[in-house]
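Report on the structure given below.
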Amino acid sequence: MNKPVIICLGVTLILSLATVQAAEKEKKNTKVDTSKLPPAASVTGVTYAKDIKPIFEKSCIKCHGSEKQKAKLRLDSLEAALKGSENGKVVLPGDSAGSILVHNVAHIGDEDDFMPSPDNKDKIPPLKPEQIGLIRAWIDQGAK
């Protein structure tokens, strides 16, 4: 191949990659309709150990525990949940509506991120609105 053709192909490839990256960034920045979230539970004193860990053990640990960590996210300890995933924090203490974890367990936003995945091989059902409300209360109360 001659040099001009190689240069044109290289420029085309770079522009294509830039377009794909921009589309992915736009997809991630899409606003989630938080009006679709179940309300936070009215119970006070919600803690990870007492209230949230049992939910996570039943519905989340197979994909986000010590043996397997999808997106490098672990939910089997408070510290790990607060650390987040390879994409950053998923729990924003004091802001459940802005927490990606809540969006994902409530099945709003990006379908690729729903937890548990609707087609999971273990047939784990989606969290119930009451469970999501408890997770929201935990986060709104500081995620302790």
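Source: prediction; values computed, not measured.
Note on I132 and I61: same hydrophobic cluster, where clusters join Ile, Leu, Val, Met, Phe, Trp and Tyr whose side-chain heavy atoms are under 4.5 Å apart, directly or indirectly. Both L101 and L78 are assigned to one and the same hydrophobic cluster, defined by single-linkage of ILVMFWY side chains at heavy-atom distances under 4.5 Å.
Interatomic distance, L92 CG to I100 CD1, rounded to the nearest 0.5 Å: 7.0 Å. Rounding to the nearest 0.5 angstrom, the gap separating the CG atom in L127 from the OG atom in S59 is 4.5 Å. The CD1 atom of I55 sits 8.5 Å away from atom SG of C60, with the distance rounded to the nearest 0.5 Å. The CD atom of Q69 sits 10.5 Å away from atom SG of C63, with the distance rounded to the nearest 0.5 Å. Atoms NZ and CZ, on K68 and R74 in that order, are 14.0 Å from each other to the nearest 0.5 Å. Here the CZ-CG distance, from F114 to N120, works out to 13.5 Å after rounding to the nearest 0.5 Å.
The shortest distance between side-chain heavy atoms of T34 and H103 falls below 4.5 Å. Side-chain contact between L82 and P93: present, with at least one pair of heavy atoms (C-beta onward) separated by less than 4.5 Å.
The heavy-atom pair separating V102 from L37 by the smallest distance is CG1-CD2, 3.6 Å. Minimum interatomic distance between G65 and D76 (heavy atoms only, all atoms of both residues): C-OD2, 3.8 Å. A143 and V91 get closest at one heavy-atom pair: CB-CG1, 3.9 Å. The minimum heavy-atom distance linking M115 with L75 is given by the pair CE-CD1, 4.4 Å. Nearest heavy-atom pair, P54 versus A49, reported as atom, atom and distance to 0.1 Å: CD-O, 3.9 Å. Annotation for S99 and I139: closest pair OG-CG2, 3.6 Å, computed over non-hydrogen atoms.
Qualifying side chain to side chain contact (heavy atoms under 4.5 Å, CB included) partners for S35, counting only residues two or more places apart in sequence or in other chains: D33. Under the side-chain hydrogen bond (donor to acceptor under 3.5 Å, both in side chains) criterion, N104 pairs with no residue at all, not counting sequence neighbours. Residues satisfying the side-chain hydrogen bond (donor to acceptor under 3.5 Å, both in side chains) test with D51, not counting sequence neighbours, are none. Annotation: side chain to side chain contact (heavy atoms under 4.5 Å, CB included) contacts of P129 (sequence neighbours excluded): P38. Residues that satisfy the side-chain hydrogen bond (donor to acceptor under 3.5 Å, both in side chains) test with D119, not counting sequence neighbours, are S117.
Between the side chain of H64 and the backbone N or O of K70, at least one donor-acceptor pair lies under 3.5 Å. Side chain of Q141 to main chain of V43: a donor-acceptor pair is present (N/O by atom type, distance under 3.5 Å, no hydrogens or angles). With S85 contributing its side chain and K72 its backbone, the two residues share no donor-acceptor pair below 3.5 Å. Within the 3.5 Å criterion, the main-chain N or O of D113 finds no donor-acceptor partner in the side chain of H107.
Annotation for E86: atom CD counts as buried by contact number, over 12 foreign heavy atoms lying within 6.0 Å. For K50, the NZ atom counts as densely surrounded, since its 6.0 Å shell holds more than 12 non-hydrogen atoms of other residues, nucleotides or ligands.
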Would T47 and I52 count as a side-chain contact (heavy atoms from CB on, under 4.5 Å) if you check the C-alpha gap in whole Å, the side-chain angles of each, and the deciding distance to 0.1 Å?
CA-CA 7 Å; T47 67; I52 304 307; over 6 Å; no
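Each salt bridge (charged side-chain N to carboxylate O under 4.0 Å, His left out) pair with one or both residues in residues 130-144, not counting sequence neighbours, would appear here, but there are none.
In this pair, Y48 and W138 present their aromatic rings tilted. The plane angle is within the 30 to 60° band.
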